[in-house]
Amino acid sequence: MAEKKPNNKIKKTHSKATNSKNSKDSKSSTSSMSSANYAQSANYAASSNPAPSSKKKLGSRKSRAGKRALRAFFYGVLIVAVSIVALYAIIYHLNSFLASKPNFEFVTVGEVEHTIGATALVVRDEVVVGNGSTGSLITRATEGSRVYTGQRIAMVVPSDMESVVGDLRNTQSQISEVQQELINSGHGAGAEVIYREMDSEIEPMVDMMRLDASNGNISDMSSYTASISVLLDQREEMLAAIDFNDERLSVLRSDEASYENQLAMSASLISAPQPGVISYKLDGLEGELNYDTFLSMSSSQIQQYIDGDSGVITSDMTIEAGESVARIAHNESQYLAVVLEGEEGSINEFATGTTHDLNIASEGIVIEDALVERVEVADDGLLIIFSTTRYVEKLIDIRTVDIEIVITSTEGLRVQTSSLVNPDYDRGMASIYINKNGYVEEVNVIITDYDREYAIVAPMGDTGVPNTQTVIITNPSTVKPGDKLN
């Protein structure tokens with residue numbers, strides 16, 4: 001019994017020691033949890049209620065960021081403003097430079113004309129060429145060319161032979177291709193010269209076709225085509241005399257002759273009854289407007305023809321039996337009649353026997369020295385009939401055309417009216433700025449005549465300036481006397 005007591009004490013002591021350790025661990029754990037919870041609470045509190053020093057730092061950062069943004073905005077606005085001002089300055093100085101740059105040109109000899117515009121009726125001494133067949137017209141002479149008596153000018157092919165015409169054209173096209181191939185290979189001496197000569201006549205017609213097509217005018221296309229076809233035929237006739245020594249060409253020539261013989265037996269051949277300028281364009285007025293009746297026709301009748309005509313005469317390549325196929329102007333002269341309205345011209349300015357120049361801008365020609373054959377006062381104004389032997393071929397397909405009648409013309413030293421400084425047209429005086437040894441000099445001149453664009457000037461006194469060696473400043477507002485010219 002005495003030996004067991006120590007063991008009991010030892011157990012009790014161990015138990016107490018264990019309990020004491022657990023108690024300490026429990027307290028330590030509790031204490032750690034409490035510390036963690038406190039730290040978390042403290043952090044939350046700190047985040048919810050920052051310290052005064054943190055608030056100051058945050059406010060300072062926001063202030064600096066705002067200032068940087070304001071400075072960036074200010075600099076951006078300043079850069080844009082400077083760029084706009086610089087661009088404006090560049091444009092201003094560029095315009096100033098271009099506007100202030102003087103332009104120069106030599107004084108030249110020229111004319112100033114005063115004209116009256118009118119529409120003219122064109123009348124020729126013509127005969128019409130008849131036909132007794134129906135079919136397609138194939139021309140054998142070019143529009144506006146001169147023909148001789150007995151020359152074959154056309155043939156009318158019946159409808160059942162049109163396929164033969166197509167075969168003939170196709171064969172001729174093949175002949176042209178083979179010939180061109182041989183010429184490029186150096187064969188056929190003289191053929192290239194023929195090509196160049198004929199091309200110089202064909203190319204203007206092609207250009208006119210393109211111009212009319214671009215303007216929407218197709219009324220003359222058949223006439224252009226017929227004329228080009230005739231020129232091509234003429235070229236082939238000239239080339240046929242050249243020996244190319246080629247078997248292919250010989251076969252094609254034989255086929256061409258066969259087709260032509262078939263057409264000759266079936267088609268109606270037409271020859272020129274007299275010499276003159278030929279046209280395949282008819283308007284049905286050839287019998288009414290001729291030399292026998294025209295000079296005695298009243299002004300009102302002439303005005304009716306002018307008002308009722310469309311200008312250019314057209315052609316029709318499909319012919320009915322009894323219709324005319326062509327007309328030939330056998331006289332080398334033509335009449336142009338106008339009626340000047342109101343007080344545009346006086347009978348004294350256009351006395352019979354006087355001559356005037358006629359400008360026809362649409363055709364690019366000037367008929368010089370047109371003779372006044374008849375003039376009289378009419379109800380509608382002043383009737384004038386001019387005659388001329390010029391440009392009959394050029395006007396062969398025109399019935400009415402706009403013209404400018406030259407009333408007066410002055411020749412001399414011509415300058416642009418914009419070159420005149422302080423012009424006094426009533427007194428006939430002005431100044432011009434000239435380039436003299438690199439400096440601007442003002443020179444007084446006499447205005448002898450002028451129109452909207454040009455003035456004829458003469459030196460004032462015995463200075464001899466201006467002359468054809470004088471360099472004039474055409475925009476005098478850009479300089480002043482004494483300025484140095486670069």
- For M297 and L289, run side-chain contact (heavy atoms from CB on, under 4.5 Å): C-alpha distance rounded to whole Å, both residues' side-chain angles, the deciding distance at 0.1 Å, then the answer. CA-CA 9 Å; M297 193 174 291; L289 297 175; 3.9 Å; yes

- Candidate pair E286 and R124, rule salt bridge (Lys or Arg N to Asp or Glu O under 4.0 Å), full reasoning: CA-CA 8 Å; E286 293 80 16; R124 291 160 289 264; over 6 Å; no

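- Of the possible donor and acceptor atoms, none in the side chain of R327 sits under 3.5 Å from a partner among the backbone N and O of I278.
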- Message: Run the side-chain hydrogen bond (donor to acceptor under 3.5 Å, both in side chains) test on E162 and S136 for me, step by step, so that the C-alpha distance in whole Å, both residues' side-chain angles and the decisive distance to 0.1 Å come before the verdict.
- Response: CA-CA 8 Å; E162 289 183 359; S136 297; 2.9 Å; yes

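- Under the 3.5 Å distance criterion, with hydrogens and angles disregarded, no donor-acceptor pair is assigned to the side chains of T389 and E332.
- Counting only heavy atoms from C-beta outward, the side chains of F386 and I405 approach each other to under 4.5 Å.
- Sparse packing is recorded around CD of E341, with 12 or fewer heavy atoms of other residues, nucleotides or ligands lying under 6.0 Å away.
- S419 contributes no side-chain N or O that, together with a main-chain N or O of V415, makes up a donor-acceptor pair within less than 3.5 Å.
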- Apply the test side-chain contact (heavy atoms from CB on, under 4.5 Å) to residues T139 and I153: give CA-CA distance (whole Å), side-chain angles for both, the deciding distance (0.1 Å), then the verdict. CA-CA 6 Å; T139 61; I153 59 175; over 6 Å; no

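- Summarising the geometry of Y439 relative to G482, their closest heavy-atom pair is CD2-O, 3.6 Å, with the distance given to 0.1 Å.
- Judged by distance alone, the side chains of D397 and S279 never bring a donor and an acceptor atom under 3.5 Å apart.
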- Message: Show, in sequence, the C-alpha distance, side-chain angles and deciding distance for Y454 and E111, and conclude whether the side-chain hydrogen bond (donor to acceptor under 3.5 Å, both in side chains) test is met.
- Response: CA-CA 9 Å; Y454 296 100; E111 288 184 341; over 6 Å; no

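- Side-chain atoms of V372 and I384, non-hydrogen and from C-beta on, do get closer than 4.5 Å to each other.
- Looking at T171, its side chain does come within 3.5 Å of a backbone N or O of D167 through a donor-acceptor pair.
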Name the atoms and distances for all side-chain donor-acceptor pairs under 3.5 Å in residues 350-359, with sequence neighbours left out.
residue: T354; atom: OG1; partner: A351; partner atom: O; Å: 2.6
residue: T354; atom: OG1; partner: H356; partner atom: NE2; Å: 3.4
residue: H356; atom: ND1; partner: V406; partner atom: O; Å: 3.3
residue: H356; atom: NE2; partner: E349; partner atom: O; Å: 3.2
residue: D357; atom: OD1; partner: D369; partner atom: N; Å: 2.9
residue: N359; atom: ND2; partner: E113; partner atom: OE1; Å: 3.3

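- A donor-acceptor pair under 3.5 Å is formed between the side chain of T448 and the backbone N or O of I456.
- Between the side chain of N467 and the backbone N or O of G464, at least one donor-acceptor pair lies under 3.5 Å.
- Note: I347 CD1 to L382 CG = 6.0 Å, rounded to the nearest 0.5 Å.
- For the atom pair CG of D449 and CD of E411, the computed distance is 12.0 Å after rounding to the nearest 0.5 Å.
- Nearest heavy atoms, V457 versus P466: CG2-CG, 4.3 Å.
- Between V85 and V82, the closest side-chain pair of non-hydrogen atoms is not below 4.5 Å.
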- Task: Please assess Q172 against E256 for the test side-chain hydrogen bond (donor to acceptor under 3.5 Å, both in side chains), listing each intermediate value before the final yes or no.
- Result: CA-CA 7 Å; Q172 290 173 337; E256 180 187 30; 3.3 Å; yes

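- Under 3.5 Å, the side chains of E376 and S299 contain no donor-acceptor pair of N or O atoms.
- I447 places a side-chain heavy atom less than 4.5 Å from the side chain of L420.
- Between R452 and T417 there is no side-chain heavy-atom pair separated by less than 4.5 Å.
- Listed by first then second residue, pairs satisfying ring-ring contact (aromatic ring centres under 6.0 Å, His included) with a partner in residues 392-433 read Y425-Y450, not counting sequence neighbours.
- N475 contributes no side-chain N or O that, together with a main-chain N or O of T478, makes up a donor-acceptor pair within less than 3.5 Å.
- Heavy atoms only, all atoms of each residue included: E288 and Y305 are closest at OE1-OH, 2.7 Å.
- Ionic pairing of E442 and K480 is not present here: no N-O contact between side-chain nitrogen and carboxylate oxygen is shorter than 4.0 angstrom.
- No side-chain N or O of Q334 forms a donor-acceptor pair with one of Y391 less than 3.5 Å apart.
- Around atom CG of N422, no more than 12 heavy atoms belonging to other residues, nucleotides or ligands sit under 6.0 Å away.
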- Message: Under the criterion salt bridge (Lys or Arg N to Asp or Glu O under 4.0 Å), I'd like the reasoning laid out for D199 against R196: C-alpha separation, chi angles, the key distance, then a yes or no.
- Response: CA-CA 5 Å; D199 286 347; R196 283 201 301 266; over 6 Å; no

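- Judged purely by atom type and a 3.5 angstrom limit, D402 has no side-chain atom pairing as donor or acceptor with the backbone of A361.
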- Message: As a quick check of understanding, evaluate side-chain hydrogen bond (donor to acceptor under 3.5 Å, both in side chains) for N444 and S431, giving each step before the final call.
- Response: CA-CA 4 Å; N444 295 325; S431 298; 2.9 Å; yes

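- Between the side chain of Q301 and the main chain of S298, a donor-acceptor pair closer than 3.5 Å is present.
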- Query: Going through the distances and angles, do T468 and T108 end up as a side-chain contact (heavy atoms from CB on, under 4.5 Å)?
  - Reply: CA-CA 6 Å; T468 55; T108 59; over 6 Å; no

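- Between the N170 side chain and the G166 main chain, no donor and acceptor come within less than 3.5 Å of each other.
- Applying side chain to side chain contact (heavy atoms under 4.5 Å, CB included) to V465 and the options I434, V445, I432 leaves one that passes, I434.
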- Message: Does E453 form a salt bridge (Lys or Arg N to Asp or Glu O under 4.0 Å) with R414? I'd like the steps, not just the answer.
- Response: CA-CA 10 Å; E453 297 182 56; R414 192 176 71 171; over 6 Å; no

- Message: Would L285 and R399 count as a side-chain contact (heavy atoms from CB on, under 4.5 Å) here? Give the steps.
- Response: CA-CA 9 Å; L285 299 179; R399 181 63 73 187; 4.1 Å; yes

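- When side chains are defined from C-beta on, V165 counts as touching I138, because their heavy atoms get closer than 4.5 Å.
- Using a 4.5 Å heavy-atom threshold, the side chains of L340 and L383 count as separate.
- Salt bridge annotation for R248-E181: present, with a cationic side-chain nitrogen under 4.0 angstrom from a carboxylate oxygen.
- Neither side chain, S200 nor E197, offers a donor N or O lying under 3.5 Å from an acceptor on the other.
- Under the 4.5 Å side-chain criterion, counting only non-hydrogen atoms from C-beta, I472 is not in contact with F104.
- Between E363 and K394, the shortest heavy-atom contact is O-CE, 3.5 Å.
- Contact between E373 and S387 at its shortest, heavy atoms only, is OE2-OG, 2.6 Å.
- Looking at every heavy atom in both residues, A141 comes nearest to Y280 through O-CE1, 3.1 Å.
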